Structures are given as C-alpha cells and as structure tokens.
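Reading through the structure tokens given below for one structure.
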Amino acid sequence: MRQLFTRARQWLVEADRSGHTRDLVLSAAVVLVAIQLGLRAWTLSGTWFHQDDFSLILDARASRFDADYLLTPWNNHLMPLGRALAWAVAELGPLDWGLALASTLVIQALASVAAVWMLVTLFGRRPGILVPLSLYLFTSVTVPATMWWTACLSQLSMQVGFFLAVGAGVRYLRGRRLVWAVVAYLGVVVGLLGDVKALLILPVLGYLALAYFTTGGPVLRLVRLVRRYWPALVLGLPLLAAYLLYYGGHVSQPYDPPSLRAAGRAVEAMIATGFPAGAVGGPWSWSGEGYADPPSWTVNLAWVVIVLVVLYG
C-alpha cells in the first residue's frame, strides 16, 4: 500500500510539472458545472411560477422599459437586474416558464464559471479546488432560491458578483493594478443590481486585505492597508456612498419602525436552523411549499458536527 501511494504521489508530481494535472482540473471543473446545470434543469422542469413571480411579470407587462421601471423597488428590494430579466421574459411570452427556466440556467452558469475562475485565481489549477467548487455547485443551501424565480433573480446575481469581486480583488491586492480594483467593484455592482445584501461583499474584500496582504497588529494592519491600497478605497467609497444615499431615500423598509423581534426570528431561521442543516448536507426534509424543513434533531446534530470541525481546524 505504501509503494502504491508513493507511486501515485510521484505520478501526480510529474503530471503537475508537465501541466497535465492542471488541464485535468479544469476539465473536471467543466464536467462538474455541466452536471450541476443538468440537475438544476431537472429540478426546475417540474415546477412553475408561484407567489411573487406572477406579480413581478404582470408589473413588467404593464410598464415601459425605462429607468423609472428598473429603479422602482419591488417588495422592498432594489433589484434592477431582476426587473430587466422579468421584463424580457414577459415581453417574449406570457407566463412562459421555459424562458424563465432558461434565464435561471444562464445566470447559474455565469455564477458557476465565476466560481471556477475565483478558485483558480486564489489557489491555482490544483485538484484541491474541486472540493469547495463541488460544495458550492451541489449544496442544498441554494436550491430553494433557485426554485423560486423571483428570489433566483436576486440571489444568483449576488453570487456572480461575489465570485467576480473576490477573484478580481485578490488579483488587485497581489499586483496593485487598478484595473482589477475596477473589476472587483464591477462585481459588487452586479451583486447590488440584484439585491442590497451584496453590500456584504465589501467586508469580505476588507477581511482578505487585512488578513492576507498586511502584517502586524490590528491597528497597524489597518494603517498599512490604507497606505498601500488607498487608490482602491478612493475608487470604492463614492460608489458605496451613492448607493446608500439612493437606497435610504427611495426604498422603504419592511418593518417600520424596525422590529427587533421580527429580525430575531429571521436570524434564528437563517443562522440557527437553515445554515447548519444546509452546510452539513441537509435539510433532509422539505415542506409542501418547497421550503427547507429539517427535523430539530438533525439541526442539533449539524451544529455538533460544525463545532467539531471548527475545533479540529
């Protein structure tokens, strides 16, 4: 067994030197993305429009395609990209689920390709990137949003923006070429065109810069970050300020005044229940409306597994 392992290791080293392993990694990534799209098409083929989908399409059919239509919030969501896709689907055919399905698969393909590009940018064409790629492609966490077309229009665009922003942001941090900072912010903009939650991409970029591209204590890292990468900060702050000003002035909040109780229930559902079950491989059980409905004992078991993994790491 030891000799077999040694020979396999030597073969991988030689293949990596010749470039064969890197080619195989990209080929495997393409195959995984194709399988994911096939599974997505299979799951969506047996569904149809539901809930807000009808209102979104009817509103698109009754509106002109202009800035006023695109920038009008939908159910407290500023989603110009989703509105644009809804208008296109509504114009090409009345309640045509095939068009909606096709739009979902196209955006999902863009997100998956962006994920491959991000992982290759961060870690190179190594076999290890297939593990996090497979986790993203086949996790059940993203399934409910994909099944609900209105949610899909915002969620998938944020995924495209996240992968694009992280990959380009790391390229900028490595070489400080401003063009990559522009691409990174373009990724943030793509995400924001889907939903306001894409603002959470910015703290991720800040964390990567502080954790991996500066040295020293927390305060010293922050000082060095500003000194070294101030052009990117100057480029991004006006974008952030303009979006926040527009959002604050034109998008009404779902809870007025804000309800801490309602926010607590939402956090409990997303973080305490939905995340652990989905991260470990659940939810194992679905409600009749297509929502994740994991049994309580599986949620508790999932938290135990997550805690053990963190402690081991």
Side-chain angles (χ1 to χ4, degrees), residues 32-33 35-53 75-77 79 82 97 100-101 104-105 107-108 111-112 115 119 130-163 191 194-201 203-204 254-255 258-313:
L32 290 173
V33 170
I35 294 174
Q36 183 220 25
L37 294 177
L39 290 173
R40 286 285 193 268
W42 173 71
T43 56
L44 291 170
S45 62
T47 60
W48 210 60
F49 299 109
H50 66 288
Q51 295 188 10
D52 290 344
D53 297 345
N75 273 2
N76 309 114
H77 293 279
M79 45 184 295
W97 177 245
L101 189 154
T104 299
L105 293 180
I107 306 175
Q108 180 63 79
S112 300
L119 290 171
L130 299 177
V131 176
L133 176 64
S134 298
L135 179 63
Y136 164 69
L137 295 178
F138 303 112
T139 179
S140 62
V141 172
T142 59
V143 171
T146 307
M147 302 288 286
W148 183 4
W149 189 59
T150 301
C152 161
L153 295 177
S154 62
Q155 298 298 316
L156 288 182
S157 62
M158 287 193 295
Q159 293 173 27
V160 174
F162 174 83
F163 296 132
D195 197 44
V196 66
K197 290 188 288 292
L199 287 174
L200 294 175
I201 299 174
V204 175
Y255 305 110
S259 172
L260 293 178
R261 183 177 181 182
R265 289 199 301 267
V267 171
E268 180 183 4
M270 289 188 296
I271 298 179
T273 302
F275 169 73
V280 175
W284 303 286
S285 178
W286 301 84
S287 67
E289 294 78 20
Y291 296 110
D293 186 26
S296 58
W297 69 268
T298 61
V299 177
N300 296 331
L301 179 62
W303 272 119
V304 172
V305 172
I306 291 173
V307 169
L308 290 176
V309 169
V310 171
L311 290 176
Y312 177 77

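This structure is a prediction, so every number in the text was calculated from the model and none was measured.
Using a 4.5 Å heavy-atom cutoff, the side chains of Tyr136 and Gln159 are in contact. Side-chain contact between Ile107 and Thr104: absent, with no pair of heavy atoms (C-beta onward) separated by less than 4.5 Å. Within the 4.5 Å cutoff, the side chain of Thr43 has no heavy atoms near those of the Thr146 side chain. Side-chain contact between Val141 and Phe275 is absent, with no heavy-atom pair separated by less than 4.5 Å. Residues Leu119 and Phe163 form no side-chain contact, since every pair of their non-hydrogen atoms from C-beta on lies 4.5 Å or further apart. The side-chain heavy atoms of Thr142 and Arg40, taken from C-beta on, include a pair separated by under 4.5 Å. Counting heavy atoms from C-beta on, the side chains of Val204 and Phe162 come closer than 4.5 Å.
Taking all atoms of both residues into account, the shortest heavy-atom contact from Leu101 to Ala41 is CD1-O, 4.4 Å. Considering every non-hydrogen atom in both Gly194 and Met79, the closest pair reads O-CB, 3.1 Å. When every heavy atom of Leu156 is checked against every heavy atom of Ala111, the shortest pair comes out as O-CB, 4.3 Å. Residues Gly161 and Ile201 come closest through the heavy atom pair C-CD1, 3.9 Å. Between Ala100 and Trp149, the shortest heavy-atom distance links the atoms O-NE1, 3.4 Å. Of all the heavy atoms in His50 and Met147, the pair that sits closest is CE1-O, 3.7 Å.
Leu311 CG to Ile306 CD1: the interatomic distance, rounded to the nearest 0.5 Å, is 12.0 Å. Here CG of Leu137 is found 4.0 Å from CG of Leu133. Values are rounded to the nearest 0.5 Å.
Side chain to side chain, Thr150 and Asp53 meet the donor-acceptor criterion of an N or O pair below 3.5 Å. A donor-acceptor pair shorter than 3.5 Å can be found between the side chains of Ser112 and Gln36.
Using a distance-only test at 3.5 Å, with no hydrogens or angles considered, no donor-acceptor pair links the side chain of Trp303 to the main chain of Pro276. Of the possible polar contacts, none joining the Trp97 side chain to the Gly46 backbone as a donor-acceptor pair under 3.5 Å is found. In this structure a side-chain-to-backbone donor-acceptor pair under 3.5 Å is missing from Asp195 to Ser154. Not a single donor-acceptor pair under 3.5 Å links the side chain of Thr298 to the backbone N or O of Pro294.
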